[in-house]
Amino acid sequence: MNDKFLKPYDPKTTEDRIYALWEESGFFNPDKLPERNQKGEPFSIVLPPPNVTGVLHMGSALMLAIEDIMVRYARMKGKKTVWIPGTDHAAIATQAVVEKDIQKKEGKSRHDLGREELLKRIDVFAQQSRDTIVKQMRKMGCSIDWSREAFTLDEARNFAVRTAFKKMYDDGLIYRGNRVVNWDPKGQTTISDDEIEYETRKTKLYTFKYSKDIPISISTTRPETKLGDTAIAVHPDDARYAHYVGKEYDAVFAGEPIHLKVIADRSVEPEFGTGALGVTPAHSSIDWEMAQRHVLPLKQVINEYAKMTAGSDAIKGKKVAEAREAVVAWLKEQGLLEKEEDIEHNISIAQRTGGVIEPLPKLQWFVGVNTEFERDGKTTTLKTLMKEAVAGSSAIQVIPERFEKVYFHWIENLRDWCISRQIWYGHRVPVWYKGAELYCGMEAPKGEGWTQDEDTLDTWFSSGLWTFSTLGWPDEAEFKKNRAYHPTTILETGSDILFFWVARMILMSTYLLNEAPFKTVYLHGLVRDAQGRKISKSLGNNIDPLDMIAKYGADAVRMSLIVGVGPGNDSKVGEDKIKAYKLFANKVWNMTRFILTAVGEDVTYDPTFTAWSSADAVHIQRLNELLNEITKEMDEFKFYLVSEKLYAYAWHEVADVILEESKKILAEGSPEEIVSRKQFLLQCLIRMIAALHPFMPYVTEEIWADLPHSNKSDKSLLMVEKWPV
RNA sequence: GCGCGGUUAGCUCAGUUGGUAGAGCAUCCCCUUGACGUGGGGAGGGUCACAGGUUCGAAUCCUGUAUCGCGCACCA
C-alpha cells in the first residue's frame, strides 16, 4: 500500500497536482478522448459565461459543480463529451465598474478619456478579470475544454453578432424606431424591460385640476410630467365625462403652455382616482401607446439627465424630484390641488446602476417579436418560435418543469426588445449613415461620408448566440466540424436568467438555425448564506469559494453545494456543511486504507469473481441495486439524491457495517469466506470510488491511482473509466 | 390583481408510483485510542401549517384557508 494513505487526506497537496494530470491527459478535449468515447454519442454543454466584472461566488461554484458532474458522468458513460468555456463582456455592468473605478482613482469621466482610451482600459480590466475567473474554475476541478475558450466580445463572436444582426435586419425583424424606452439617467443608456427591477415605495398621489378653466380633475404621482401632457383620457363608458370627450383646452401649467384634448380610451380604469388621467406621451410607455391610437402630439419636458426642460424658472433645469415639489407648490398656490394621498407605488430601477428609470422617447433599435415572417411555408413570429420550442412533445425539456409556466407567462407579456445601448463597451451596431441614407452590413459601405451608429448592442444579443457562436457559426467550415454538438445536450444555469439568457438563446437559435439551442434546460436556484439570507455586499455575508477550497478542498465544497439541493430550489450553505464533507473525503480515504491493508498485497483483484459467500452475495446484490438506482437518477439529473445516497452508503453501510463485520470474518472466517470477502471489498471500493468521481473528482482520482483495477497503466485515469454499473 | 413555490424533529432539509414519518447537524447517555486530525452504538424530540374531501389507507391526490418567499402585471 502506498504510504500516502498513512496520513489523513490532504486536498491542499493533492488537488493542483491532480488537475495538472487531467490537463496533461488531454481528456478535457473531446478529440483527445479514448477510443471508447470517440465512438460514443456526442455530449455538449456550454458554460454560462461568467461576467468579466466579477469573481467566483458560491452561486458560480454551484453552477460549476453541477455542470462538472454532468460532464464527468457523460464522459464515464463513454460519450464524446465537450464542455465549452468562455466569459461574457457584460457590457453595461463592466463599463460601469471600470468607469466608477477611473472616476474614483483619477477623477475622470469617460468623456475625459474618450471612446478609444476607455475601451482600452476596459479590455485590460476584462483580461485580468478573465484570468482570475479561469483560475477559479480550475480550482473547482472543472473538466472543461480550455482549447475552445471564447469571449462574447472577441473577433469570432463579433462576426457572429454582425451576421445575426444583418440577417434579422434584412428580414425586417430588427428595426429602428422612435419609441418611449427605458432610460437610465445614471447609466446614460437605454435598457430592456428585463433589466428593470421594481421597488415598492411610499409616495403621494396628487389630485388636481390643470387650471380653473379645465373642468376635469386628474390624479398623478408625478405632477412634474404633467407639463408634457397633451390629452386627458377617460373611459368611453364613463357617463361622468362622456360630454367632454372631443373637447380641447388650453392652459398654462406651472409656467408651461399646454394644449389638451379629451379622449376616450378603454385602457382607462374608471375606478382609479377621478377616473380621468393626464396623458403624457413622452414620459410613459402606456401613454405613448395611447397617443399612437389617438394620434396625439408628443411633448418632451424631461431630458437625459432627468432634468426639466420646460416650465417656469422655478422648474426648468431642475431635477425631477425638485421639480415635483415646485409643481405641487404652484398647484397649492393656485388653489388647484384637491387631494394628497399616501399610496404604495412601484418605482422602476435600473438593475445594474440603481438609477431610477425615466421613460423617454428615443430613436432606438428593436427586435420585433411580433413581426410576422415566413418560415417553412408558414407565417410565424419570433414569439411563436420561442413558444413552440418549449411547448410540443419533441421540445426542450425544462427542469424543474414548473419553470415552463414562468417562461410562457413571460412570452405572453413580451414586447419588442430594445437592443441598442448608449455605452461604448460592446458590439457596435453594424449600421452606417450618410445623411438620410442608412446601410446595414458586415463592413462599412464603400464611399466617403459614412459614419457608423454610435450605439452598442445589449450584451444578451451576443450571449443569445452562445450555443452556436462558440461552435464556429457562422463560419461554415468551422461550424460543420462541430455540427454534432448542436443542439447542445443540456443547458445548465441559474433560474434567475431564464428570461435574459435562456429565452434569448431560444429566440436566436430557432430563428437563425431553425433548431433549438439545447435539448434540456436544468435550472438551479440561489445559494444563500447559512441563515437563508441573500448573499450581498452590504450584508458582507459572502463566502468565498476559494477560501473554502483552501480550507476544506474542492471536493468538500462541491458536495456541500450539491447534496440535498434540488433543481430550481434556493439552498443554504455554511462552513459547517462544507466541513462535514471534508470529513467525508477523509472517511473515504481511510476506508481505502483499511481495505487495502486488510486485503493485502498478495491478493489479485478478480472482477469476474462469482463464488460469493452467503454474506457477500447479499452485499454484492445491494451494491448492484444501488448502482442501478443511482444510474437511473443520474440520467434524471437527480444529483442531489445520488450524492446523498452514495454518502450514506459509503459511510453507514460500507464503513459502519461491512468493514466492522469484515474485521471478524478476515480473522476468524473460513478460507472461502476470506477470499470472498477480500474480492468483495475490492470490488465495492473500486465501484464506489468510480461512482463518487463526478461528485468528488480529486480524492477519488487520487485513490484510484492506487487501486487494482482492470486496465492498469500509467495513463489510466478515473475520469475516463467506465461508469461502474 | 394573476401566476409559481415553500410550510415535515431545536436548526437545515429528504421523503421517488398514496402503504406504520427519515437523514445530517445540535442535545443527552454509553463505548472506542491498530481504518478514520476521531469513530461507533443508543436515546429524547414531529397531531407532516390549518380545514374539508377522495381512499381500506393521505406528508403524498383534490378543494379551500393562512403564512412566508419569488416572478409578472398594474403603477393615473
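Scope of the values below: all heavy atoms of this structure, side chains included, with no hydrogens, waters or symmetry mates. In what follows, chains are A, B, ... by sequence order, proteins preceding strands, each numbered from 1. No experiment lies behind these values; they were computed from the predicted model shown.
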What stem regions, each of at least 3 consecutive Watson-Crick or G-U pairs below 3.5 Å, can be found for RNA chain B? B:1-7 with B:66-72, B:10-13 with B:22-25, B:27-31 with B:39-43, B:49-53 with B:61-65
Short side-chain donor-acceptor distance under 3.5 Å, Asp265(A) and His235(A): no
Would you state whether a donor and an acceptor, one from the side chain of Lys587(A) and one from the base of C36(B), lie under 3.5 Å apart? yes
Taking only residues two or more places apart in sequence, or in another chain, which ones meet Glu661(A) in a side-chain hydrogen bond (donor to acceptor under 3.5 Å, both in side chains)? His619(A), Arg677(A)
Name every residue in residues 269-285 of chain A that has at least one heavy atom under 4.0 Å from any atom of RNA chain B, in order of residue number, or write none if there are no such residues. Glu269(A), Phe272(A), Leu277(A)
Across the strands shown, which category fits Lys577(A) at heavy-atom distances under 4.0 angstrom: base, sugar-phosphate, nothing? nothing
What about the rings of Tyr581(A) and Tyr647(A), do their centers lie closer together than 6.0 Å? yes
When we call it a touch if two heavy atoms are under 4.0 Å apart, what does Thr592(A) touch: a base, just sugar-phosphate, or nothing? nothing
Base, sugar-phosphate alone, or nothing: which one does Ile347(A) contact when heavy atoms must sit under 4.0 Å apart? nothing
Check whether any side-chain nitrogen or oxygen of Lys405(A) sits under 4.0 Å from OP1 or OP2 of G3(B), and answer yes or no. no
Looking at every strand, decide which applies to Ala233(A) at a 4.0 Å heavy-atom threshold: base, sugar-phosphate, or nothing. nothing
Would you say that Pro11(A) contacts Val699(A) through its side chain, given a criterion of any heavy-atom pair below 4.5 Å between the two side chains? no
Mind checking Asp570(A) for me? I need base, sugar-phosphate or nothing, with any heavy atom below 4.0 Å counting as a touch. nothing
Check if the side chain of Glu660(A) and the base of A35(B) share a donor-acceptor pair of N or O atoms closer than 3.5 Å. yes
note: Arg593(A), atom CZ; A35(B), atom C1'; distance rounded to Å ~ 6 Å
Have a look at Phe5(A) and say if it touches a base, only the backbone sugar-phosphate, or nothing, with a 4.0 Å heavy-atom cut-off. nothing
Just to confirm, is there a sub-4.0 Å distance from OP1 or OP2 of U16(B) to any side-chain nitrogen or oxygen of Lys638(A)? no
Closest non-hydrogen contact found for Val603(A) with Gln679(A) is CG1-NE2, 3.9 Å
Name the nucleic acid region contacted by Ile595(A), choosing base, sugar-phosphate or nothing; use a 4.0 angstrom heavy-atom cut-off, strictly under. nothing
Thr220(A) near the nucleic acid: base, sugar-phosphate alone, or nothing, with a heavy-atom cut-off under 4.0 Å? sugar-phosphate
